[in-house]
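Data first, discussion second: the structure below is written as structure tokens.
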Amino acid sequence: MELVPSSAGHSPTRAATPPVLPGAPGLPLSPATGSTCSTGSTTFGVRPGSGSPGALCKKGWTAAELLSSERRLRHPMVRESRDQPLRPASWDEALGRVAAAISASKERFGADSVGIFGGGGLTNEKAYLLGKLARVAIGTRSIDYNGRWCMSAAAGAAVRAFGVDRGLPFPLADISGAEVVLLVGSNMVETMPPVLAVMDAQREAGGQLIVVDPRATPTAQQAALHLQIVPGTDLALANGLLHLLIEDGRIDKSYVEDRTTGFADVASVVAGWWPERVERVTGVPASALRRAATMLGMAGSAMVLTARGPEQQAQGTETVMAFINLALALGQVGAPHGGFGTLTGQGNGQGGREHGQKADQLPGYRSLSDPAARRHVASVWGVPPESLPGPGPSAFEMLSELGTPAGVKCLLVAGSNPVVSAPAAAGVEQALGRLDFLAVADVVMSETAAVADVVLPVAQWAEETGTLTNLEGRLVMRQAACMPPDGVRTELHVIAELARMLGRDSGFGPDPEKVFDELAAASAGGIADYSGIDYERIRSDEGVTWPCPSPGHPGTPRLFADSFPTSDGRARFFAVDHSPAFEDVDAEFPFVLTTGRVVAHYQSGAQTRRVPALVGASPEPFVEIHPFAARRLGIVEGHPVRLTTRRSSAIAVARVTEAIRPDTVFVPFHWGGSGRANSLTDTALDPLAKMPSFKRCAVRLEPA
Ligand SMILES: Nc1nc2c(c(=O)[nH]1)N[C@H]1C(S)=C(S)[C@@H](COP(=O)(O)OP(=O)(O)OC[C@H]3O[C@@H](n4cnc5c(=O)[nH]c(N)nc54)[C@H](O)[C@@H]3O)O[C@H]1N2
Ligand SMILES: Nc1nc2c(c(=O)[nH]1)N[C@H]1C(S)=C(S)[C@@H](COP(=O)(O)OP(=O)(O)OC[C@H]3O[C@@H](n4cnc5c(=O)[nH]c(N)nc54)[C@H](O)[C@@H]3O)O[C@H]1N2
Ligand SMILES: [Mo]
């Protein structure tokens, strides 16, 4: 067995099959991170036996299969023209074509015609170098990533209310001591198995769980109280809860007075949300709402956690703000075992949103529009500040305008499969076809790679060293455990080589540790300040939590204990109101469609649909529908159903279940082709965060 040395980047010698670390049958576990959900969800970075929660989800256990699978990419591919098939090529030829296409596009249409689409699964080092590739080596403003569809609503709300966006501003273990947890739109039993240990501990300690979800999911079934909401109405629910807390005198007045601003405006908006009105809008019975308000109001410690249910909405940012209002009014934000948090999604969902692969962002969670931030980062990069482009279009704006006169003509995708996962994906697929040139870096031939002009095979998680920042803001090391196969390169190596071909001989290199050190310097003085952190510390301290502004600084596991990083040190209440403007049901499209995940598949399914055990567990697209609705429509369990929205149609097999509201249907988004949920979804974007409305549109169903 050959292990990659910790600081190594690309190495010319590789083992044919992935060697596995001792003690982990079938799965190369990272020695530093212990157990992680590896193909998938948020990395928790927990050592086995450390007493912290440590469980591996099913996708984690099977992730190793894809390392050696015959279905992964093993050499670059190119095609001569769109009507020719992809054929194997050398790295020189493939990267040469990408560099030539970038240069040609810059020359003909300007640098902004070259786009980069990244991913929240990429390591900190990759996310950082991708942003630098865009701003320095290409000079384009056109870069964004799939986290726009994942974390942007929660991030936008937290920045506005608290002055900082860190998924959990407290240690994960705090959850286990919360007397009441209000969990809004998370199916964590299926999506975040590693968090379950703290949730179980919370209930074992006598704590109570309230779940808000249109479905009686395995998570909702563990709750003391399940509020089975109409999708897209969470804001009304949050305002209704605050209405009752104010009415019952259960607000922490001294906290509101000492630590916040803006409460009076919020109080006047929520005054209009009496329980019966909330019931009419949300479908949640007034009695259940009252019970939830009492549980929250009586609790010594109360925690509000949101996930994609309330966030992936056309009013997602304001919806999260409404839940933050609730946590602030209870006086819980900054208190142990209480407050507000969002459950970060992808493998590096937190770090991936901090280092500059976002359209408006520089490393360290800095704003690309802030002159001081531009000066600082430009000095680290050794370029003039005025050479840095300004903010570009957000993810869906960029993808839907591909190939148009003002849009991107030459696109590089790294770490996303938008043909399956983008909203209203049929339009995005067409837009990809309008491009002059598409390059995709991936580990498998995803649906997006399959339509590319050049496909670049990159190393997988176990084959390269890098850092991830977990939902607590804690940096953990993902140490290479095996070598990539011949013909496969690490992503850092690919980016560095591309930069070199574009004329940047220095400032780009494949060594993750060096990239990290530069990232840390670039983040100095920013919100997500990593400047006191290095590989040595991450390895020896079991992770360090940002902000960590100097080598002697212990890191900051808990934020907001005394103040908020806002101009006056106070948190902000925002008066937000439910708007019925999103796509509503009518006679033609009478059901609400919501989308999400199942335990066996990860995201666009590009990886998990290639693992036989997972395909066996969940073989095909399905639609959950209530027996009342099924009977009325003549829909039979196990038979195909045609779903039609104002965009397009899709086919899925009926799963008739009482676990869903009778007015709502649910389709997971893990498949492409005729069962693609995103053929159906809406194009509406949240105006503040540009988050798509994945969790609500209107649909019609019929037996297919
Ligand atoms: N197995 C698996 N695990 C994953 C992933 C995966 O693809 N597969 N992906 C990872 C990523 S990137 C993410 S972002 C997380 C996501 O994790 P979650 O947020 O838990 O996942 P979802 O299934 O998208 O949505 C959660 C729940 O929201 C409910 N919901 C739908 N509409 C609404 C609504 O309007 N309001 C409310 N309150 N609830 C609603 C759905 O019924 C669903 O049960 O999971 C991570 N973990
Ligand atoms: N309808 C609907 N649509 C949704 C959602 C929903 O709830 N409903 N959820 C949204 C959310 S929260 C998310 S996060 C997105 C996710 O959807 P995508 O952005 O499509 O994410 P993945 O499926 O994880 O795609 C990652 C691709 O990158 C490849 N890959 C993995 N690791 C690497 C790497 O290190 N480098 C490179 N270059 N490639 C790699 C994988 O093989 C895969 O093809 O989907 C969004 N779409
Ligand atoms: Mo996500």
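Note that these values count all heavy atoms, side chains included, but never hydrogens, waters or copies made by symmetry. Both ligands and their constituent atoms are indexed starting at 1 by order of listing.
Using a 4.0 Å cutoff on heavy atoms, Gln603 counts as a contact of ligand 1. Put simply, no part of Val420 is less than 4.0 Å from ligand 2, judged by heavy atoms.
Remark: ligand 1 atoms within the under-4.0 Å shell around heavy atoms of Thr217 are 44 (O). Within ligand 2, the atoms closer than 4.0 Å to a non-hydrogen atom of Gln346 are 14 (S), numbered from 1 in the order shown. Interface of Asn678 with ligand 2, defined as ligand atoms under 4.0 Å from a residue heavy atom, comprises 1 (N), 2 (C), 3 (N). Close approach to Ser186 involves these atoms of ligand 1, each under 4.0 Å from a residue heavy atom: 20 (O), 26 (C). Close approach of ligand 1 to Cys150 is summarised as follows: ligand atoms under 4.0 Å from at least one heavy atom of the residue are 14 (S). Ligand 2 places these atoms under 4.0 Å from at least one heavy atom of Lys126: 34 (C), 35 (O), 36 (N). Shown in contact with Val598 at under 4.0 Å from a heavy atom are these atoms of ligand 1, numbered in order with element: 1 (N), 2 (C), 8 (N). Residue contact check: His670 has heavy atoms under 4.0 Å from atoms 7 (O) of ligand 1. With ligand atoms numbered from 1 in the order given, ligand 1 contributes 19 (O) to contacts under 4.0 Å with heavy atoms of Ala307. Near Ala606, meaning under 4.0 Å from one of its heavy atoms, ligand 2 places the atoms 43 (C), 44 (O). Annotation for ligand 2: atoms under 4.0 Å from non-hydrogen atoms of Trp149 are 10 (C), 11 (C), 12 (S). Counting atoms of ligand 1 from 1 in the listed order, those under 4.0 Å from a heavy atom of Gln313 are 34 (C), 35 (O), 36 (N). Annotation for ligand 1: atoms under 4.0 Å from non-hydrogen atoms of Gly185 are 19 (O), 26 (C), 27 (C), 28 (O), 37 (C), 38 (N), 39 (N).
For Asp442, a nitrogen or oxygen atom sits less than 3.5 Å from a nitrogen or oxygen atom of ligand 2, counting backbone and side chain alike. For Gly232, a nitrogen or oxygen atom sits less than 3.5 Å from a nitrogen or oxygen atom of ligand 1, counting backbone and side chain alike. Distances between N or O atoms of Asp234 and those of ligand 1 include at least one value under 3.5 Å.
Without hydrogens or angle criteria, Gln313 side chain to Lys695 main chain gives no donor-acceptor distance under 3.5 Å.
Taking only non-hydrogen atoms, the option from Arg597, Glu311, Arg308 nearest to atom 19 (O) of ligand 1 is Arg308. Evaluated by nearest non-hydrogen atom to atom 40 (C) of ligand 1, the leading choice among Gly349, Pro214, Gly121 is Pro214.
Under 4.0 angstrom from ligand 2, the non-hydrogen atoms of Ser446 all belong to its side chain. Under 4.0 angstrom from ligand 1, the non-hydrogen atoms of Asn187 come from both its backbone and its side chain. Counting heavy atoms closer than 4.0 Å to ligand 2, residue Asn417 contributes atoms from both its backbone and its side chain. Contacts between Leu122 and ligand 2 below 4.0 angstrom, taking non-hydrogen atoms only, involve the side chain exclusively.
Under the side chain to side chain donor-acceptor pair (under 3.5 Å) criterion, Glu311 pairs with Thr306, Arg308, Thr342, not counting sequence neighbours.
With Phe508 as the aromatic partner, Lys132 meets the cation-pi criteria of under 6.0 angstrom to the ring centre and within 45 degrees of the ring axis.
Screening residues 443-453 for salt bridge (charged side-chain N to carboxylate O under 4.0 Å, His left out), with sequence neighbours left out, gives Arg82-Asp453, Glu447-Arg609.
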Stepwise side-chain contact (heavy atoms from CB on, under 4.5 Å) check, Asn678 with Val420: CA-CA 7 Å; Asn678 279 322; Val420 174; 5.6 Å; no
